[in-house]
Number of protein chains: 2
Amino acid sequence: MNKMHKEHTLTKNQQIIFDLIDKSSEPLKAYSILYNVQKKGIKAPLQVYRALDKLVEIGKIHKIESRNAFIACHNSSCQVAKATAFSICEICEKVTEISSAGLSKYLANFKDKDGMKYSKYNLEFFGLCKKCR
Amino acid sequence: MNKMHKEHTLTKNQQIIFDLIDKSSEPLKAYSILYNVQKKGIKAPLQVYRALDKLVEIGKIHKIESRNAFIACHNSSCQVAKATAFSICEICEKVTEISSAGLSKYLANFKDKDGMKYSKYNLEFFGLCKKCR
DNA sequence: ATATTAATGTTATATTATTACACAGTGTTA
DNA sequence: TAACACTGTGTAATAATATAACATTAATAT
Ligand SMILES: [Zn+2]
Ligand SMILES: [Zn+2]
Ligand SMILES: [Zn+2]
Ligand SMILES: [Zn+2]
């Protein structure tokens, strides 16, 4: 198989699960994923969680921690820095990945009281989306 | 009664669980809390989760979403705005609440592409603490 | 080839959280 | 007073989320 540059070639299970998440309009939960890929031969939770772990690790998807759900990344810079930001509508649960150069720069340069810098972070904003206001 | 400055009188279960979290040096998980309060008559998970929900709601504790654990708030401004930030050591799992006027001001004023502002957010920074470096 | 690493398949189990229902206390209203 | 709404409690059962343990196979590197 042709392995181009730094591209991660997904395995069969990883590809099946990534495709499902990528084409979804909303974040998907692990057991919802499991249910939807059983016809493709993925039968057990662990198969799903292993693929999810790897996809998160390589930055193809992100976990929305407050919702225990997974969303595909459409922001190529995330694949380098594990620095993510999302907006979440508290009514319709719509989740959008925020890609703001200003925000990521601010957070990447943020130092706490001890002068500590953090390259990795996860930020979740909550509010009402346009529709729900 | 003045709503802005209303003191929440904790119920018995809430007080027992808050005291445990408050005196803990690390975030506590729900079932660890349950185990530790059984001698005080709290026998079921639901009793713990109900108290936790209320304590989160009134800002006495926060949930560390990436760890499914709860920590007492020592930053009085959180009780007004549900805007929280933490640093988490990826080795020893030490969690510290960040209270930075600059950070909270920046995030409270942050607008996404649609001009939307969010008063509520949760930010988790990851890295290595002083000891673990 | 062989050692090594990564991924898979399967079963069982652990951990985290909620539903459903009955009931008790408190304060307000009629 | 009685009726009501509201909040909290106690208990059992169950749902939802995630990992442990073990055997096996595929891909990669030396
Ligand atoms: Zn991303
Ligand atoms: Zn919405
Ligand atoms: Zn706080
Ligand atoms: Zn540490």
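Chain A is the first sequence line, chain B the second, and so forth, proteins listed ahead of strands; every chain is numbered from 1. The figures that follow rest on heavy atoms only: side chains count, while hydrogens, waters and symmetry mates do not.
Shown are Ser99(A), Ser100(A), Ser87(A); of these, the side chain to side chain contact (heavy atoms under 4.5 Å, CB included) with Lys113(B) is made only by Ser99(A). Shown are Ile61(B), Asn13(B), Leu52(B); of these, the side chain to side chain contact (heavy atoms under 4.5 Å, CB included) with Phe18(B) is made only by Ile61(B).
Side-chain atoms of Thr96(B) and Lys94(B), non-hydrogen and from C-beta on, do get closer than 4.5 Å to each other. Taking 4.5 Å as the limit, some side-chain heavy atom of Tyr121(B) sits within range of a side-chain heavy atom of Ser104(B). At least one side-chain heavy atom of Lys120(B) sits under 4.5 Å from a side-chain heavy atom of Glu90(A).
A donor-acceptor contact under 3.5 Å is not formed by the side chain of Tyr31(A) with the base of dA15(D).
With rounding to whole Å, Ile16(B) atom CD1 is found 13 Å from dG8(D) atom C1'. The interatomic distance linking Lys12(B) (NZ) with dG10(D) (C1') rounds to 11 Å, in whole Å. In this structure, the CG atom of Leu52(A) is 9 Å from the P atom of dA18(D), given to the nearest Å. What separates CD of Gln15(B) from C1' of dG8(D) is a distance of 15 Å, to the nearest Å. Following rounding to the nearest Å, Asp53(B) (CG) and dG8(D) (P) show an atom-to-atom distance of 11 Å. Counting to the nearest Å, the C1' atom of dA18(D) and the NZ atom of Lys29(A) are 12 Å from each other. Taking atom CD1 of Ile58(B) as the reference point, atom C1' of dT7(D) lies 13 Å away to the nearest angstrom. Residue Gln47(A) contributes atom CD, which lies 15 Å from atom P of dT25(D) at whole-angstrom precision.
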From CA spacing to verdict: side-chain contact (heavy atoms from CB on, under 4.5 Å), Asp22(B), His74(B): CA-CA 9 Å; Asp22(B) 191 41; His74(B) 294 107; 3.3 Å; yes

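Protein chain B contacts DNA chain C from dT16(C) to dA20(C), reading 5' to 3' and using non-hydrogen atoms of the protein with a distance under 4.0 Å.
Of the two residues contacting DNA chain C, namely Gln14(A) and Lys63(B), the nearest-nucleotide position lying further toward the 5' end is that of Gln14(A). DNA chain C is contacted by both Lys43(A) and Asn68(A); Lys43(A) maps to the nucleotide lying nearer its 5′ end (nearest heavy atom per residue).
The side chain of Arg50(A) approaches dA21(D) more closely than any other nucleotide in the set dA18(D), dA21(D), dT11(D).
The six-membered or imidazole ring of Phe110(B) lies near that of Phe125(A), with a centre-to-centre distance under 6.0 Å.
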